[in-house]
Protein chains: 2
Amino acid sequence: MNEVPDGKMRRGDTRAHLLEAVAGLLEERGIEAVTLRAVGERAGVSRQAPYKHFADKGELLSVLAARYFERLAEEMISAAEEAEGTPFGRLEAMLEAYAQVALASPARYRLMFGSEVRRRPYPEVHEAARGLYGRLVGVVAECQETGKLRGGDPVGLAALLYATVHGAVDLALARHAGEGEKGLGDPLAIVRSLLAHLSDGP
Amino acid sequence: MNEVPDGKMRRGDTRAHLLEAVAGLLEERGIEAVTLRAVGERAGVSRQAPYKHFADKGELLSVLAARYFERLAEEMISAAEEAEGTPFGRLEAMLEAYAQVALASPARYRLMFGSEVRRRPYPEVHEAARGLYGRLVGVVAECQETGKLRGGDPVGLAALLYATVHGAVDLALARHAGEGEKGLGDPLAIVRSLLAHLSDGP
DNA sequence: ACGCTAAGTTGACACCGTCAACCACCGCTG
DNA sequence: CAGCGGTGGTTGACGGTGTCAACTTAGCGT
């Protein structure tokens, strides 16, 4: 029903335009600029058009958030592939990619974990987030097999790593303009410090 | 000017009532129920009364958030005092208290780090948060002196601990109702795991 | 040719934060 | 004691927002 080859109907086009408009507004002017009226105008439709494609504003934002989770996962994977061959190197690359992507666009990251999305249990978001987490668990397990990472439950270790990188990024984003909490401004340093403490070898 | 002993004028009373109303609404019905009209009604005044005591809604929320930071710091300190005498035991108690307080009232914690407060650089909030962080740095330094914690920059270590406990709590609060990310549901376990990895001796 | 339905539009509503103007009362000064 | 300024409080109004409802349009299958 959606794959009209050309015509000029192009069903489903406005849905993509809407998501694109949300993304543009979000990054250019922040989350509070994302209003349904502004989204409609930017997408070239009226304010109520989104309701033909999404249940409400929350679902619209959730769909975009899910895409961001997927993109973050892809970024981590591609960073791991470019890294040195050792599992530990890949783990390091993944976590650094996570932090860098998050810091590169604070508005996106805030959307992913913000209350607008968190409030409703929209399944796509959670599935995407879980996929990301699953990748992490897998690489951690590999690191343990090679002995570079200490043993124990790989799930617990992955949870520790995930919590730390998320917390470090979130705190760095929360600091308003150069404040006094020294050490909290550089998430990459925090993550590397954790990895250093966890790594077994020299 | 504020210390009218009795009379019936009781200057400054409504300000406290307003903050109390915000706190009540926040915990009973969530952040989105905190509207100036509802706050006024609950405090027994009109909707515009808050503007006589606070610049705007954001400042009202920020003042409450600052108090929550202070209370969290107090809770951590009192937990540390009740703990065993060793610095490491106090550090453990402080971090566990942090997680427990945060989990006990998600709405409070979200307010403290939420966008309404984060957006404006209200100095009280940041000062309170910095005070909390400073305590942590101090105890970490003590632990390093006793040799129970590995050496290195105490600020960096404190940042790692703070990021981890914050991230663990935030992720636990973000999970909507029992999801598939195993290991992320128990912030205390994550924090203890980190402490175990960081502690030097048995 | 004729509806059916999906997509899009405008109108209206309730709610929100906030600006403005107005009122009451206390404590001060002449 | 008269007057008065400021503090705390109120109601009115405005622009903005998400959303419900009703209406229009266009393309499709029968």
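Here is how names work: the chains are called A, B, and so on, in the same order as the sequence lines, proteins then strands, and each is numbered from 1.
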**Student:** Just verifying a value: how many Å separate B/Leu160 CG and A/Arg192 CZ, rounded to the nearest 0.5 Å?
**Tutor:** 14.0 Å

**Student:** Counting only pairs under 3.5 Å, give me each side-chain donor-acceptor contact of residues 68-76 of chain A, with atom names and distances, residues two or more places apart or in other chains.
**Tutor:**
none

**Student:** Taking CG from A/Leu25 and P from D/dT17, how many angstroms apart are they, rounded to a whole number?
**Tutor:** 11 Å

**Student:** How many whole angstroms separate atom CD of B/Glu41 from atom C1' of D/dT11?
**Tutor:** 16 Å

**Student:** Taking both distances under 3.5 Å as the test for a Watson-Crick or G-U pair, what stems of at least three pairs does DNA chain D have?
**Tutor:** C:1-30 with D:1-30

**Student:** Hey, could you give me the CG/OG distance between A/Leu161 and B/Ser193, rounded to the nearest 0.5 Å?
**Tutor:** 9.0 Å

**Student:** Going by the ring pair (Phe, Tyr, Trp, His ring centres under 6.0 Å) test, which pairs reach into residues 19-42 of chain A, not counting sequence neighbours?
**Tutor:** none

**Student:** Which pairs of donor and acceptor atoms, one on a side chain in residues 98-113 of chain B, lie under 3.5 Å apart (sequence neighbours left out)?
**Tutor:**
unit_1: B/Tyr98; atom_1: OH; unit_2: B/Tyr109; atom_2: OH; d: 2.7
unit_1: B/Arg108; atom_1: NE; unit_2: B/Glu27; atom_2: OE2; d: 2.7
unit_1: B/Arg108; atom_1: NH2; unit_2: B/Glu27; atom_2: OE1; d: 3.4
unit_1: B/Arg108; atom_1: NH2; unit_2: B/Glu27; atom_2: OE2; d: 2.9
unit_1: B/Tyr109; atom_1: OH; unit_2: B/His166; atom_2: ND1; d: 2.6
unit_1: B/Arg110; atom_1: NH2; unit_2: B/Asp170; atom_2: OD1; d: 2.5

**Student:** Which atoms of nucleotides 14-17 of chain C (N or O only) lie under 3.5 Å from a protein N or O atom, and what are those distances?
**Tutor:**
unit_1: C/dC16; atom_1: O5'; unit_2: B/Thr35; atom_2: OG1; d: 3.3
unit_1: C/dG17; atom_1: OP1; unit_2: B/Lys57; atom_2: NZ; d: 2.5
unit_1: C/dG17; atom_1: OP2; unit_2: B/Thr35; atom_2: OG1; d: 2.6
unit_1: C/dG17; atom_1: OP2; unit_2: B/Leu36; atom_2: N; d: 2.9
unit_1: C/dG17; atom_1: N7; unit_2: B/Arg37; atom_2: NH1; d: 2.5
unit_1: C/dG17; atom_1: O6; unit_2: B/Arg37; atom_2: NH2; d: 2.9

**Student:** What is the separation between atom CD1 on A/Ile31 and atom P on D/dT17, rounded to the nearest whole Å?
**Tutor:** 13 Å

**Student:** For A/Phe54 and D/dG18, what is the distance between atoms CZ and P respectively, to the nearest whole Å?
**Tutor:** 15 Å

**Student:** Given atom CG of B/Leu18 and atom P of D/dG8, what is their separation to the nearest angstrom?
**Tutor:** 12 Å

**Student:** From CZ of A/Arg47 over to P of D/dG16, roughly how many Å is that when rounded to an integer?
**Tutor:** 14 Å

**Student:** How many Å lie between NZ on B/Lys52 and C1' on C/dC23, as a whole number?
**Tutor:** 11 Å

**Student:** Do B/Glu116 and B/Ile31 come within less than 4.5 Å of each other through their side chains, counting heavy atoms only?
**Tutor:** yes

**Student:** Show the atom names and distances, to 0.1 Å, of all donor-acceptor pairs under 3.5 Å that link a side chain in residues 86-93 of chain B to residues at least two apart or in another chain.
**Tutor:**
unit_1: B/Thr86; atom_1: OG1; unit_2: B/Phe88; atom_2: N; d: 3.0
unit_1: B/Thr86; atom_1: OG1; unit_2: B/Gly89; atom_2: N; d: 3.2
unit_1: B/Arg90; atom_1: NH2; unit_2: B/Glu142; atom_2: OE1; d: 2.5

**Student:** Quick check for you: to the nearest 0.5 Å, what is the distance between B/Thr164 atom OG1 and A/Leu171 atom CG?
**Tutor:** 9.5 Å

**Student:** Below the 4.0 Å mark, does D/dG9 have OP1 or OP2 next to a side-chain nitrogen or oxygen of B/Thr14?
**Tutor:** yes

**Student:** If only side-chain N and O atoms of B/His53 are considered, is one of them under 4.0 Å from the OP1 or OP2 phosphate oxygen of D/dG9?
**Tutor:** yes

**Student:** Hey, is the main chain of B/Arg15 close enough, under 3.5 Å, to the side chain of B/Lys52 for a donor-acceptor pair?
**Tutor:** no

**Student:** Using heavy-atom distances to pick each residue's nearest nucleotide on DNA chain D, tell me which of A/Gly58 and B/Val45 is more 5'.
**Tutor:** B/Val45

